[in-house]
Amino acid sequence: MPPGHTATIYGVKMHTRLSAGDLEFNETAATAVFRIVQEALTNVAKHAQATEVTVTVERSDSQCIVSIEDDGNGTSPQARAKPDSFGLRGIRERVRQLNGTVSVGNGTHSGFSVRTTFPLDSVIHR
């Protein structure tokens, strides 16, 4: 999707905000970021009862930040820590493999938020 694009998928309006400049992901990072976003959007479609979701990819001097935030019903810290939460566990594992960090919580206004931060050295294509 082009930067700033909006589409409706499964009845959920999806906004993309891409401000990563000329960042080109290496193969490992491209797959990991794709799967992280895919899992987060699957959770939105299955559980969130959201009407909107925003996917953001940003680049700073030393980091790449990928975040997914919806306006759905959110989740409790206890639900996020459940051992059978395979989607979140998979996200955390992919982030760890790229030496990144992940924060999972409630969104800015309501809903659910996943924010991943990667060092550029771990994701950039050389």
Side-chain angles (χ1 to χ4, degrees):
M1 251 181 245
H5 186 77
T6 300
T8 301
I9 302 168
Y10 297 112
V12 179
K13 188 181 287 187
M14 185 173 81
H15 308 279
T16 57
R17 296 193 176 117
L18 307 175
S19 58
D22 61 352
L23 175 66
E24 184 179 340
F25 289 107
N26 63 47
E27 187 175 334
T28 301
T31 301
V33 169
F34 174 82
R35 294 291 184 205
I36 289 165
V37 172
Q38 181 182 44
E39 183 59 45
L41 293 177
T42 297
N43 286 343
V44 170
K46 284 184 174 180
H47 307 294
Q49 298 176 341
T51 59
E52 295 190 36
V53 62
T54 301
V55 177
T56 305
V57 180
E58 305 172 272
R59 177 185 178 166
S60 72
D61 290 336
S62 62
Q63 298 178 323
C64 174
I65 302 157
V66 178
S67 62
I68 303 94
E69 186 171 333
D70 69 54
D71 68 347
N73 54 19
T75 187
S76 68
Q78 295 82 9
R80 293 190 299 265
K82 288 181 1 183
D84 63 343
S85 181
F86 293 110
L88 289 176
R89 189 162 56 183
I91 288 172
R92 288 184 178 106
E93 179 62 22
R94 290 180 194 284
V95 169
R96 185 190 65 73
Q97 289 173 346
L98 292 171
N99 300 313
T101 60
V102 63
S103 62
V104 178
N106 290 332
T108 307
H109 304 289
S110 66
F112 189 69
S113 172
V114 175
R115 178 181 170 94
T116 60
T117 304
F118 305 100
L120 277 181
D121 289 345
S122 295
V123 299
I124 200 162
H125 177 75
R126 298 197 187 271

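We number each residue from 1, following the sequence as shown.
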* Note, D22 side chain near R59 side chain (heavy atom, < 4.5 Å) ->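 Result yes, sub-4.5 Å side-chain heavy-atom pair found.
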| said: Just so I know, are the side chains of R94 and R92 near enough to count as touching, which here means a heavy-atom distance under 4.5 Å? | reply: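 They are not in side-chain contact.
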Nearest heavy-atom pair of [X] and [Y]: which atoms, and what distance?
| X | Y | value |
| --- | --- | --- |
| S122 | N26 | O-ND2, 3.1 Å |
| V33 | F25 | CG2-CE2, 4.1 Å |
| M14 | V55 | SD-CG2, 4.3 Å |

Check for me, please, whether [X] and [Y] land in the same ILVMFWY cluster - side-chain distances under 4.5 Å, paths through other members count.
| X | Y | result |
| --- | --- | --- |
| V104 | V44 | yes |
| L23 | V66 | yes |
| F118 | I124 | yes |

Fill in: Spatial distance of atom CZ (R17) from atom OG1 (T56) [nearest 0.5 Å]
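Here the interatomic distance stands at 5.5 Å.
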Point-to-point distance, once rounded to the nearest 0.5 Å, from OG of S60 to CG of L120 |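 CG of L120 is found 6.0 Å from OG of S60.
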Ignoring hydrogens and geometry, is there a side-chain-to-backbone donor-acceptor pair from D70 to F112 under 3.5 Å?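 Yes; at least one donor-acceptor contact below 3.5 Å.
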Note to self: I'd like to know if the side chain of D71 reaches the main chain of A50, judged simply by a donor and an acceptor atom lying under 3.5 Å from each other, with no hydrogens or angles considered.
What the structure shows: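 Checking the backbone N and O of A50 against the side chain of D71, no donor-acceptor pair under 3.5 Å is found.
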Could you walk me through whether R35 and Q38 pass the side chain to side chain donor-acceptor pair (under 3.5 Å) test, one step at a time? CA-CA 5 Å; R35 294 291 184 205; Q38 181 182 44; 2.7 Å; yes
